[in-house]
Amino acid sequence: MNQKYSYYQLHAKIDAMAKFLNLDKYIEGDKNSLDQIRSYYRINHWAYRHYHSQDGFMHFRLSENGCFTDEDVFLQPDSIAEYIQDGNVVLELGSGQCSNLMYLARCFPQTQFYGVDLFPLKRKDLPSNIKLFEQDYSDLSRFEDQSVDVAYAIETIVHNSDKEKIFKEVRRVLKPNGVFIIYDYATCDDYESYDPHLQKVIALLSKGGASAMIESLQQMNTHFTNSGLTLAKYTDYSQQTLPDLKRLERKAAKILTHPWLSKLLFWALPDQFVTNIIIGYLGYDSCNAHIGTYQEWVLRRVG
């Protein structure tokens, strides 16, 4: 019942927005160049602080009991902590505002943490066991072969078109039996299997967030295999994202259900801010309809 209703809602939302917005301009062409990704996060820095976390956590909250709480933001870093031991070398891809790094570094003061990001936040209060690099993490040449015990990436791999290049680099730097933990989005089925309305939803959710087109679960598994990584654990957290997604949908609906207000605000706002509002409007129904999913993949370098 909920799935069918969300399918209906997505079709209705696309039709309604198309009456007063040129949706195609938000999805045509490449939207995930390095400069575009930098620009997206620079423009939406305030929005992430205001709507996600004032402490700088930029990922979705996972609510295991079905009720949204501020503490839900710690599920991802707490799960990653289970794989870390004192004395390890830990690498975060897409470290952003460094909140995950800082949280984990304080839990493991004897462990060395590295963060790689296109737009790392400049912080003066970084613990001494954190070192940051401002760069594209598809090139990890500054790290030696088999030098990292644990690598992780939270909601950042989705930005990249050539995921296998990244996964092969991570495999190279991982020690034997080292672990790579990914939290990210995937569609249930390939893009081509959806009707035109739902394809537009997927494109808006993808390119609106300066990402490549979100790939399917099967495509992601193929990338892992081709990169020489072994899937050790897989958890679907889609249902746990729904309370946070519903919260964001309600906020976005206050704007997008009022066409004249939307047109006025969107005329004044940068496109990359506008698309973030559209993502908030579509995300809940996409997940509830089992189109978009939120996954944890735990991968190992075997041998």
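What you see below is based on every heavy atom in this structure, not just the backbone, and it leaves out hydrogens, waters and symmetry mates.
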Are any non-hydrogen side-chain atoms of [X] and [Y] less than 4.5 angstrom apart?
X: L132; Y: S95; value: yes
X: M58; Y: S99; value: no
X: Y114; Y: I130; value: no
X: N276; Y: I279; value: yes
X: L299; Y: V179; value: no
X: Q97; Y: H45; value: yes
X: I291; Y: C188; value: no
X: K31; Y: Q272; value: no

Is the closest side-chain donor-acceptor distance between [X] and [Y] under 3.5 Å?
X: Y8; Y: D285; value: no
X: E155; Y: H59; value: no
X: Q199; Y: Y194; value: no
X: D35; Y: S33; value: no
X: S161; Y: N32; value: yes
X: Q36; Y: S39; value: no
X: Y234; Y: Q295; value: yes
X: Q135; Y: R142; value: yes
X: D72; Y: S63; value: yes
X: Y5; Y: N288; value: no
X: D190; Y: S216; value: yes
X: T156; Y: Y137; value: yes

Practice problem: Would you please indicate if the ring centroids of H258 and F20 are separated by under 6.0 Å? | Solution: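 For H258 and F20, the ring centres are not under 6.0 Å apart.
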
Assess the pair Y152 and F180: is the distance between their ring centroids shorter than 6.0 Å?
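Aromatic pair excluded; centres sit 6.0 Å or further apart.
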
Nearest heavy atoms of [X] and [Y], plus distance in Å:
X: L10; Y: A289; answer: CD1-CB, 4.4 Å
X: Q85; Y: T111; answer: O-OG1, 3.0 Å
X: P77; Y: N100; answer: CG-OD1, 3.7 Å
X: R61; Y: R247; answer: NH1-NH2, 3.8 Å
X: F113; Y: F108; answer: CE1-O, 3.7 Å
X: A81; Y: L104; answer: CB-CD2, 3.8 Å

_With L93, the side-chain contact (heavy atoms from CB on, under 4.5 Å) member among D117, L140, I182_ =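 So, applying the side-chain contact (heavy atoms from CB on, under 4.5 Å) to L93 and each of D117, L140, I182, only L140 qualifies.
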
Point-to-point distance, once rounded to the nearest 0.5 Å, from [atom1] of [X] to [atom2] of [Y]:
X: Y185; Y: S211; atom1: OH; atom2: OG; value: 7.5 Å
X: F57; Y: Y103; atom1: CZ; atom2: OH; value: 7.5 Å
X: N2; Y: H290; atom1: CG; atom2: NE2; value: 8.5 Å
X: T235; Y: Q240; atom1: OG1; atom2: CD; value: 9.0 Å
X: L126; Y: L101; atom1: CG; atom2: CG; value: 8.0 Å
X: Y294; Y: D184; atom1: OH; atom2: CG; value: 7.0 Å

Evaluate the criterion salt bridge (charged side-chain N to carboxylate O under 4.0 Å, His left out) for residue pair E249 and K13; output intermediate values, then yes/no. CA-CA 12 Å; E249 182 202 40; K13 285 178 176 180; 2.6 Å; yes

request  = Run the numbers on H197 and D15 for side-chain contact (heavy atoms from CB on, under 4.5 Å), then give the verdict.
outcome  = CA-CA 8 Å; H197 276 71; D15 286 339; 2.7 Å; yes

Is the side chain of [X] donor-acceptor paired with the backbone N or O of [Y] at a distance under 3.5 Å, no angle test?
X: S227; Y: L229; answer: no
X: T293; Y: A186; answer: yes
X: R301; Y: N177; answer: no
X: T222; Y: Q218; answer: yes
X: Q76; Y: F60; answer: yes

Any carboxylate oxygen within less than 4.0 angstrom of a Lys/Arg side-chain nitrogen, looking at [X] and [Y]?
X: K165; Y: D139; answer: no
X: D271; Y: K25; answer: yes
X: E164; Y: R171; answer: no

[X] with [Y], same ILVMFWY side-chain cluster at under 4.5 Å:
X: F143; Y: I166; value: yes
X: M213; Y: V201; value: yes
X: L23; Y: L198; value: yes
X: F74; Y: F68; value: no
X: V90; Y: L75; value: yes

Task: Verdict with reasoning, L256 to L21, per side-chain contact (heavy atoms from CB on, under 4.5 Å) - done: CA-CA 10 Å; L256 283 165; L21 289 176; 4.2 Å; yes

field: Partner of Y41 under ring-ring contact (aromatic ring centres under 6.0 Å, His included), chosen from Y48, F119, W46, F273
entry: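 That would be Y48; it is the only one of Y48, F119, W46, F273 passing the ring-ring contact (aromatic ring centres under 6.0 Å, His included) with Y41.
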
Stepwise side-chain contact (heavy atoms from CB on, under 4.5 Å) test for V170 and F167
CA-CA 5 Å; V170 172; F167 298 158; 5.5 Å; no

Does K207 make a cation-pi contact with Y26 (under 6.0 Å, within 45 degrees of the axis)?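 Pair K207/Y26 does not count as cation-pi.
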
Next on the checklist: Assess the residue pair V116 and K131 against the criterion (side-chain contact (heavy atoms from CB on, under 4.5 Å)); give the C-alpha distance rounded to whole Å, side-chain angles, the decisive distance to 0.1 Å, and a yes or no.
Outcome noted: CA-CA 9 Å; V116 179; K131 187 171 183 178; over 6 Å; no

Checklist entry - Near D24 CG, under 6.0 Å, is it more than 12 heavy atoms from other residues, nucleotides or ligands? => result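 Check passes, neighbour count above 12.
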
